[in-house]
Amino acid sequence: DAGITQSPRYKITETGRQVTLMCHQTWSHSYMFWYRQDLGHGLRLIYYSAAADITDKGEVPDGYVVSRSKTENFPLTLESATRSQTSVYFCASSGERDSNQPQHFGDGTRLSIL
Amino acid sequence: SQKIEQNSEALNIQEGKTATLTCNYTNYSPAYLQWYRQDPGRGPVFLLLIRENEKEKRKERLKVTFDTTLKQSLFHITASQPADSATYLCALLYNQGGKLIFGQGTELSVKP
């Protein structure tokens with residue numbers, strides 16, 4: 001089925017470990033986004049990508065790394081996880097950036113860092 | 001920096017009534033304002049979009065208004081149903097950068 005999928009849905013890891021969250025979309029959308037959602041902060045943009053091999057920082061990029069070698073994939077890596085990165089992470093895609101196109105979200109990855 | 005405020009307290013209403021949710025923002029007006037619905041354990045789902053030069057937009061039982069003077073958007077659900085219970089997020093899109101800025105969301109509970 002077409003859509004946007006995130007994996008894993010749940011992840012528990014320890015501080016200092018590297019962890020990668022996966023995001024895959026089947027629409028061939030140009031733009032992809034990573035958000036984190038925390039109580040009291042709402043959705044905050046971590047990184048986004050306008051196309052393959054083009055990425056840019058959002059509001060809270062520190063501690064995260066992204067890549068986009070293929071249009072359909074946009075993995076997010078925490079190089080050395082910290083407890084403050086415990087959160088729910090959402091990936092989204094849209095066809096255009098500066099237009100009225102909505103963003104389509106995956107169902108999130110709930111990440112706990114012990 | 002731009003700030004968006006949505007009612008942090010949950011809104012509880014009776015089935016059949018109209019639910020009205022508020023989204024206020026500071027500083028300059030966005031090019032577009034979007035509303036999303038989020039159910040527990042799921043990602044947000046797009047509902048409606050309104051442009052800065054539009055006053056009102058409707059879709060079935062949903063209505064969105066946009067007042068750039070008050071710097072406010074109102075989101076209405078008429079004839080509300082228990083299935084409308086969810087958290088509703090407003091999001092602002094500016095031409096510069098094209099990134100969405102989300103409010104924290106308002107939880108709506110519709111009782112039968």
**Report entry** Which portion of Gln37(A) sits near chain B, non-hydrogen atoms under 4.5 angstrom
**Finding:** side chain
Query - Winner by heavy-atom pair count (cut-off under 4.5 Å) against chain A, out of Ala91(B), Gly105(B), Pro44(B), Gly41(B) - result: Pro44(B)
Query raised in the report: Does atom CZ of Arg44(A) have more than 12 heavy-atom neighbours from other groups under 6.0 Å away?
Result: yes
Query - Value rounded to 0.5 Å, distance of CG in Leu100(B) from OH in Tyr35(A) - result: 4.5 Å
Requested in this report: Look at atom CZ of Arg17(A) and say whether more than 12 heavy atoms of other residues, nucleotides or ligands are closer to it than 6.0 Å.
Outcome: no
**Report entry** Heavy atoms from other residues, nucleotides or ligands near CG of Leu70(B) exceed 12 (cutoff 6.0 Å)
**Finding:** yes
Report summary line: Smallest heavy-atom separation, Phe90(A) atom then Gly43(B) atom, equals CE2-CA, 3.4 Å
Requested in this report: Following the transitive rule for hydrophobic clusters with a side-chain heavy-atom cut-off under 4.5 Å over Ile, Leu, Val, Met, Phe, Trp and Tyr, establish whether Leu45(A) and Phe46(B) coincide in one cluster.
Outcome: yes
Query raised in the report: Within a radius of less than 6.0 Å around CD of Glu72(A), do more than 12 heavy atoms belonging to other residues, nucleotides or ligands occur?
Result: yes
Query raised in the report: Side chain, backbone, both or neither: which part of His104(A) has a heavy atom under 4.5 Å from chain B?
Result: neither
Query raised in the report: chain A heavy atoms under 4.5 Å from Gln38(B): which part of the residue, side chain, backbone, both or neither?
Result: side chain
Query - Leu114(A) atom CG: more than 12 heavy-atom contacts under 6.0 Å - result: yes
Requested in this report: Using modelled atom types only, decide if a donor and an acceptor are shared between the side chain of Gln104(B) and the backbone of Gly42(A) within a distance under 3.5 Å.
Outcome: no
Query - Atom group of Leu89(B) that falls short of 4.5 Å from chain A, counting heavy atoms - result: side chain
Query raised in the report: What do you reckon, is CD of Gln14(B) surrounded by more than 12 foreign heavy atoms closer than 6.0 Å?
Result: yes
Query raised in the report: More than 12 non-hydrogen atoms from neighbouring residues, nucleotides or ligands closer than 6.0 Å to NZ on Lys11(A), yes or no?
Result: no
Query - Main-chain N/O of Arg42(B) paired with Asp107(A) side-chain donor or acceptor, under 3.5 Å - result: no
**Report entry** Atom pair CG (Leu43(A)) and CD1 (Ile101(B)), whose distance is rounded to the nearest 0.5 Å
**Finding:** 12.5 Å
Query raised in the report: Are side-chain heavy atoms of Phe105(A) and Tyr36(B) found at a separation under 4.5 Å?
Result: yes
Requested in this report: Under 4.5 Å heavy-atom distance to chain B, tell me which part of Arg9(A) shows up: side chain, backbone, both or neither.
Outcome: side chain
Query raised in the report: Linking I/L/V/M/F/W/Y whenever any side-chain heavy atoms sit under 4.5 Å apart, do Val110(B) and Leu62(B) land together?
Result: yes
Report task. First locate atom CZ of Phe102(B), then atom CD of Gln103(A), and finally report the distance between them rounded to the nearest 0.5 Å. Result -> 5.5 Å
